[in-house]
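What you see below is based on every heavy atom in this structure, not just the backbone, and it leaves out hydrogens, waters and symmetry mates. Every number for a ligand or one of its atoms is a count from 1 in the order of the listing.
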Amino acid sequence: MVSTPPCWSARLAQRATERRAAGLWRQRRHHAPGATRDFAGNDYLGLAREPCLIDAMADGARRYGTGACASHLVSGHLAVHEALECRLAELVGRPRALLFSTGYMANLGTLQALCDGHTQVFQDRLNHASLLDGAALAGARSRRFHHQSLADLDRLLARAPTDAPRLVVTDGVFSMDGDVADIAGLASVSARHSAWLMVDDAHGLGVLGEAGEGCVGRAHGVDEVPVLVGTLGKALGTGGAFVAGSEALIEHLIQFARPYVYTTAQPPGVAAATLAALDILAAEPERRERLCTRIARFRAAAAGLGLPLMDSPTPIQPLVLGNGQRVLAWAARLAERGLAVGAIREPTVPRGQARLRITLSAAHSDADLDALLDALAACQAGEGDAAREATP
Ligand SMILES: *Cc1c(COP(=O)(O)O)cnc(C)c1O
């Protein structure tokens with residue numbers, strides 16, 4: 001009998017059926033900025049709609065064109081990219097920085113260029129998907145340590161073979177939990193075991209530190225954190241990412257990071273807008289102060305309502321509701337009131353820990369926050385009513 005290879009259409013249909021049956025179907029919705037109050041995005045400083053960034057983006061395009069037209073190593077590396085790399089290196093107190101098109105690619109490229117099948121990679125359990133994917137791209141196996149457990153990391157490092165280089169990898173601010181990594185602790189455990197430390201500060205940059213330099217910044221130099229990644233599409237309101245470190249690290253990435261070498265440089269207008277965002281970051285510390293006030297106010301009010309807050313000092317304020325259907329129900333009720341929040345389920349977070357991912361911004365007004373808190377109180381009251389009806 002001649003066997004035929006499996007049919008693609010049947011395979012796709014089966015995967016779709018399984019995902020729907022598990023209640024995990026993902027859907028995109030149209031967001032109309034202005035029509036909804038956005039508590040789902042990562043525009044922590046309210047820069048994404050700032051007129052002077054928009055002007056800077058248009059000016060950048062007028063000056064250099066809408067696209068970079070080539071990769072950095074061919075003819076796409078423009079003066080505006082170079083200027084941005086210098087400013088970013090300065091912000092985080094590193095000798096050099098290298099611009100990538102996205103944070104996902106910065107992590108892929110860095111891990112792929114640093115690691116191979118022998119490298120010992122140690123990752124926090126809750127690290128961003130791009131960090132795990134980067135190690136996989138390099139053919140390196142990632143050992144996962146318990147979230148924020150220096151003791152578990154120490155134990156894994158102590159047991160690792162000594163004939164291969166070691167890399168410890170962590171988020172700076174955990175994207176679904178909002179807690180901040182213990183950089184000093186991680187740096188000290190890493191140093192004790194001769195490992196390099198790589199920190200992805202996607203959500204810390206622009207928000208944390210004296211001047212918005214993030215949770216690593218100048219407080220921890222290249223000796224403590226040799227590999228630092230920051231992204232520009234969150235607090236800085238534009239797009240792209242960078243890796244910062246020593247001259248040798250950056251040259252190594254230029255030589256070997258395939259996600260750097262084989263892609264078109266980011267549009268110059270985006271780089272120009274990011275330069276303008278860095279100007280605002282330096283000139284308007286009140287944005288970060290306003291954000292802190294919002295965080296404190298939200299946490300106090302949510303605690304007063306008895307909502308399941310996590311221990312997060314950052315603008316990421318998840319409410320862990322446990323079950324995916326419950327999260328979708330709350331998010332739908334909030335959407336009816338014109339409030340967008342993230343409904344995060346597995347596999348993005350572990351099973352049983354589905355959550356509303358609420359993010360705060362300096363751009364939110366007191367009225368925005370009041371609307372959110374009222375709606376959350378209504379969700380809670382609605383569940384109470386439903387429970388009373390169910391148990392006569
Ligand atoms: C968002 C995010 C990224 C990816 O950055 P993009 O620029 O959106 O590709 C990487 N790491 C972490 C921790 C993130 O939250």
Side-chain angles (χ1 to χ4, degrees), residues 26 28 31 38 40-45 47-48 81 84-85 88 92 97-112 114 121 123-137 142 144 147-148 167-183 186 197-208 214-217 225 227-244 253 257-260 263-267 270-271 273-274 277 310 312 314-318 342 344 347-349 355 357-361:
R26 298 181 192 260
R28 302 173 307 165
H31 283 281
D38 188 359
N42 306 305
D43 183 21
Y44 304 125
L45 300 177
L47 289 173
H81 296 131
L84 179 55
E85 289 181 346
L88 290 166
V92 295
L98 187 71
L99 201 54
F100 280 76
S101 297
T102 71
Y104 187 87
M105 287 174 68
N107 284 336
L108 284 191
T110 304
L111 285 155
Q112 172 260 310
L114 287 176
V121 182
Q123 305 220 27
D124 187 289
R125 277 257 166 88
L126 298 188
N127 273 358
H128 192 261
S130 55
L131 295 166
L132 299 169
D133 294 355
L137 183 62
S142 288
R144 318 276 293 269
H147 179 51
Q148 296 260 37
L167 185 66
V168 173
V169 186
T170 187
D171 280 17
V173 172
F174 289 88
S175 52
M176 297 299 140
D177 293 56
D179 54 336
V180 184
D182 171 5
I183 302 300
L186 288 164
L197 176 60
M198 169 175 176
V199 178
D200 171 3
D201 204 15
H203 296 275
L205 192 83
V207 172
L208 302 176
C215 75
V216 174
V225 182
V227 188
L228 174 60
V229 175
T231 70
L232 310 171
K234 285 160 183 161
L236 294 180
T238 57
F242 67 95
V243 181
L253 296 178
R258 296 168 63 88
Y260 179 78
T263 195
T264 302
Q266 77 170 186
V270 178
T274 308
M310 292 186 82
S312 162
T314 66
I316 301 170
Q317 291 293 329
I344 311 291
T348 307
V349 293
R355 64 197 65 180
R357 180 176 179 273
I358 292 167
T359 48
L360 302 174
S361 167

Residues Met198, Asn107; criterion side-chain contact (heavy atoms from CB on, under 4.5 Å); working and verdict: CA-CA 10 Å; Met198 169 175 176; Asn107 284 336; 3.5 Å; yes
Atom 15 (O) of ligand 1: nearest protein contact (heavy atom, Å): His203 NE2, 2.6 Å
Residue pair Thr359 / Pro315, side-chain heavy-atom distance below 4.5 Å: no
Proximal candidate to atom 6 (P) of ligand 1 [heavy atom criterion; set Gly103, Ala241, Gly240]: Gly103
Within-cut-off N or O pair, Lys234 and ligand 1, under 3.5 Å: yes
Neighbour count >12 (heavy atoms, 6.0 Å) for atom CZ, Arg258: no
For Asp171, the ligand 1 atoms whose distance to one of its heavy atoms is below 4.0 Å: 13 (C)
Atoms of ligand 1, numbered as shown, that sit under 4.0 Å from any heavy atom of Tyr104: 4 (C), 5 (O), 6 (P), 9 (O)
Min N/O separation Asp200 to ligand 1 under 3.5 Å: yes
Candidate list Leu232, Leu84, Thr238, Leu99, test side chain to side chain contact (heavy atoms under 4.5 Å, CB included), partner Val270, passing option: Thr238
For Asn107, atoms of ligand 1 separated by under 4.0 Å from a heavy atom: 10 (C), 11 (N)
Contacting atoms of ligand 1, where contact means under 4.0 angstrom from a heavy atom of Ser175: 15 (O)
Those atoms of ligand 1 less than 4.0 Å from some heavy atom in Thr231: 5 (O)
Flag, side chain of Ser312 to backbone of Gly178, donor-acceptor distance under 3.5 Å: yes
Side-chain heavy-atom pair Asp177, Leu126 within 4.5 angstrom cut-off: yes
